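What follows is one structure encoded as structure tokens, with my remarks underneath.
Every chain is numbered from 1, with letters handed out A, B, ... down the list of sequences. Quick caveat: nothing in here was measured; it's all calculated off a predicted structure.
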Amino acid sequence: MTCIKIENMSQYIQVTDDESEEPIEIPSEEDGTLLLSTLAAQFPTACGLKYRNPQTGNYRGIRLTDGNLHPPESHWGSHVYIVVFPKDNKRKGDEVTENISAKTKRVDQQKKCSDLIVLGLPWKSTEDDLRNYFSQFGELVLSQVKRDPKTGLSKGYGFIRFNKYDDQMRCMSQRHNIDGRWCDVTIPNSNEGAQHLVSRKVFIARCTEDIKSEDLKAYFSRFGEVVDVFIPKPFRSFAFVSFADPEVAQSLCGEDHIIKGVSVHVSYAAPKGTDRHGEKKVQMPSKGIYQQGGPPGWNPQHGQGNPGGKPGNMPEMNSLGMNFFNSAMLAAAQAVLQQQGWAPGGTPGAPPQGSSGDNAHHAASQPGSYSTSQGSASNWGWGQQSDSTAGGYQGWGGGATRQGGWN
DNA sequence: GTTGGAAAGG
């Protein structure tokens with residue numbers, strides 16, 4: 001008489017703590033029971049199991065004796081079992097709906113998240129540096145620095161991703177000083193998601209050629225910290241000014257200001273690549289606006305550092321050290337200011353952090369050294385200004401805006 | 001006559 005050995009009754013049981021999620025499969029014992037300890041290995045505080053009875057739609061509890069969970073019939077079947085946790089004081093219904101809505105919310109948050117590009121990184125920044133810095137906004141699920149595959153050198157940008165949309169939005173809503181460089185975080189190749197953010201940047205119309213970037217910075221700094229000025233070359237009678245605080249930018253829009261005796265108009269900076277009517281600009285493929293027949297040239301010899309450059313505040317002066325404001329103009333300007341309710345001189349927010357003679361060195365050793373615009377926020381470029389020729393860069397702070405983005 | 005500068009993932 002032979003005993004028929006029932007071979008390996010053990011099976012994998014589908015278990016989850018959330019019905020809206022993928023179950024995990026955990027093994028039963030050979031006698032067909034499931035050890036609570038096996039369950040607890042996956043769900044540490046679990047105290048039992050239940051499953052939905054397909055006939056009634058009700059939950060059924062699983063028998064538990066001595067740390068063994070017993071299959072509802074002779075076997076576990078193909079049910080998906082739900083982990084039961086100690087209840088605290090909560091009513092059952094509350095807990096279930098709470099769990100579900102919390103989970104739904106989390107999933108929603110994740111779905112709304114996207115990879116974010118970080119532009120303007122210091123050359124030396126590593127994945128760890130990014131992670132360390134950006135973790136202050138929330139948990140990161142991605143941190144990478146793009147490098148030249150050959151040399152391994154950073155290309156000066158990278159990608160991060162948050163788990164929570166809220167974290168992502170908080171992160172995108174400000175600029176970041178990473179190791180002395182101002183960096184922007186945006187959604188790559190798209191404005192979506194950043195659309196509702198207010199621009200930090202204003203468009204300055206009716207500029208004259210003798211309004212230099214340092215004039216603009218000196219003037220607009222009274223309203224708030226100016227983090228970038230851009231004047232297109234060749235001269236086109238307009239400029240851009242970016243503030244650390246978007247609200248400052250917004251508050252100036254629509255106003256006329258007198259700078260060096262010239263009435264300039266401040267308005268919203270249209271997203272790049274559109275004009276003020278929001279029309280997309282079409283550019284002939286072969287002819288760039290920069291130079292004949294080629295991609296925008298990038299001039300490595302310009303740039304770098306700030307030869308005789310003088311950081312810090314200077315009054316309304318040009319590179320020759322002349323004071324542009326005669327007192328009549330000053331009075332006029334201040335009258336305008338007062339009429340507009342502006343208090344001169346206030347500069348809220350942290351000052352640009354200097355510390356980056358350093359980057360120039362890195363930059364110098366970079367391939368293709370497009371490091372020109374990576375001047376530190378504290379570099380004023382007084383020196384560059386005077387000998388400026390075509391193609392010269394004349395801002396200072398780490399390239400505030402990039403293609404396709406607000407700033 | 002008045003809307004941008006380097007880099008956007010193999």
Side-chain angles (χ1 to χ4, degrees), chain A residues 114-123 125 127 130 142-149 153-161 181-191 194 199-209 213 216 227-242 253-254 256 262-283 288-290 295-300 302-303 359 363 366-375 381 384 388 390-407:
Chain A
S114 57
D115 290 2
L116 303 176
I117 185 163
V118 187
L119 294 163
L121 287 175
W123 306 111
S125 290
E127 282 76 4
L130 281 198
L142 170 76
S143 162
Q144 55 183 211
V145 171
K146 290 300 169 191
R147 331 183 103 92
D148 181 311
L153 292 172
S154 165
K155 295 195 194 175
Y157 71 93
F159 290 88
I160 57 171
R161 184 176 184 134
R181 309 222 44 83
W182 287 104
C183 302
D184 282 325
V185 175
T186 62
I187 295 175
N189 278 337
S190 149
N191 304 326
S199 178
R200 271 183 275 271
K201 181 183 283 192
V202 293
F203 177 75
I204 313 292
R206 300 196 309 251
C207 289
T208 59
E209 203 150 10
S213 61
L216 290 170
V227 296
D228 187 45
V229 171
F230 177 70
I231 301 178
K233 284 198 169 200
F235 178 69
R236 297 222 273 151
S237 74
F238 61 86
F240 293 93
V241 173
S242 302
C253 285
D256 293 307
V262 177
S263 169
V264 300
H265 185 73
V266 182
S267 59
Y268 299 95
K272 212 184 220 171
T274 67
D275 61 19
R276 69 188 174 291
H277 312 294
E279 308 287 333
K280 267 185 227 157
K281 274 190 294 193
V282 192
Q283 210 165 284
I289 57 170
Y290 303 91
W298 185 249
N299 241 339
H302 273 91
N359 277 294
Q366 289 290 316
S369 176
Y370 42 79
S371 51
T372 313
S373 64
Q374 289 218 6
Q384 305 168 20
S388 72
Y393 174 80
Q394 48 172 314
W396 53 91
T401 303
R402 272 73 191 202
Q403 48 187 10
W406 285 102
N407 180 50

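Separating the CZ atom of Phe203(A) from the C1' atom of dG1(B) is a distance of 11 Å, rounded to the nearest angstrom. The CG-P distance, from Asp256(A) to dT2(B), rounds to 17 Å in whole Å. Distance Asp115(A) CG to dA8(B) C1': 11 Å, rounded to the nearest Å. Look at CD1 on Ile204(A): it is 20 Å from P on dG1(B), rounded to the nearest Å. The nearest whole Å value for the distance from the CZ atom in Phe235(A) to the C1' atom in dG4(B) is 15 Å. Summarising the geometry, the separation between CD on Glu127(A) and C1' on dG9(B) is reported as 13 Å, rounded to the nearest angstrom. Spacing between atom CG of Leu119(A) and atom P of dG9(B) amounts to 11 Å, rounded to whole angstrom units. Rounded to whole Å, the distance from CZ on Arg200(A) to P on dT3(B) is 23 Å.
OP1 or OP2 of dG10(B) lies within a sub-4.0 Å distance of a side-chain N or O belonging to Lys146(A). Between Arg236(A) and dG4(B) there is a side-chain polar atom (N or O) within less than 4.0 angstrom of OP1 or OP2.
Residues satisfying the side-chain hydrogen bond (donor to acceptor under 3.5 Å, both in side chains) test with Ser263(A), not counting sequence neighbours, are Arg206(A).
Among the protein residues, Phe238(A) comes within range of the sugar-phosphate backbone only, with heavy atoms under 4.0 Å from sugar or phosphate atoms but none that close to a base. No contact: Leu116(A) has no heavy atom under 4.0 Å from any strand.
Of the candidate nucleotides dA8(B), dT3(B), dT2(B), dT2(B) has the atom lying nearest to any side-chain atom of Ser237(A). For Ala205(A), taking side-chain heavy atoms from C-beta onward, the closest of the listed nucleotides dT2(B), dG9(B), dG4(B) is dT2(B).
For Glu209(A) and Arg236(A), the salt-bridge test fails: no basic side-chain N is under 4.0 Å from an acidic carboxylate O.
Aromatic rings from Phe203(A) and Tyr268(A) are positioned such that their centres are separated by 6.0 Å or more.
Judged by a 6.0 Å distance limit and a 45° cone about the ring axis, Lys146(A) is not positioned over the six-membered ring of Tyr157(A).
Judged by centroid separation below 5.5 Å and plane tilt below 30°, Phe159(A) does not stack onto the base of dA8(B). Here Phe240(A) packs flat against the base of dG4(B); its ring centre is closer than 5.5 angstrom to the base's six-membered ring, tilted by less than 30 degrees.
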For side-chain contact (heavy atoms from CB on, under 4.5 Å), just list the numbers for Arg147(A) and Leu153(A), CA-CA rounded to whole Å, side-chain angles, deciding distance to a tenth of an Å, and then say yes or no. CA-CA 5 Å; Arg147(A) 331 183 103 92; Leu153(A) 292 172; 5.9 Å; no

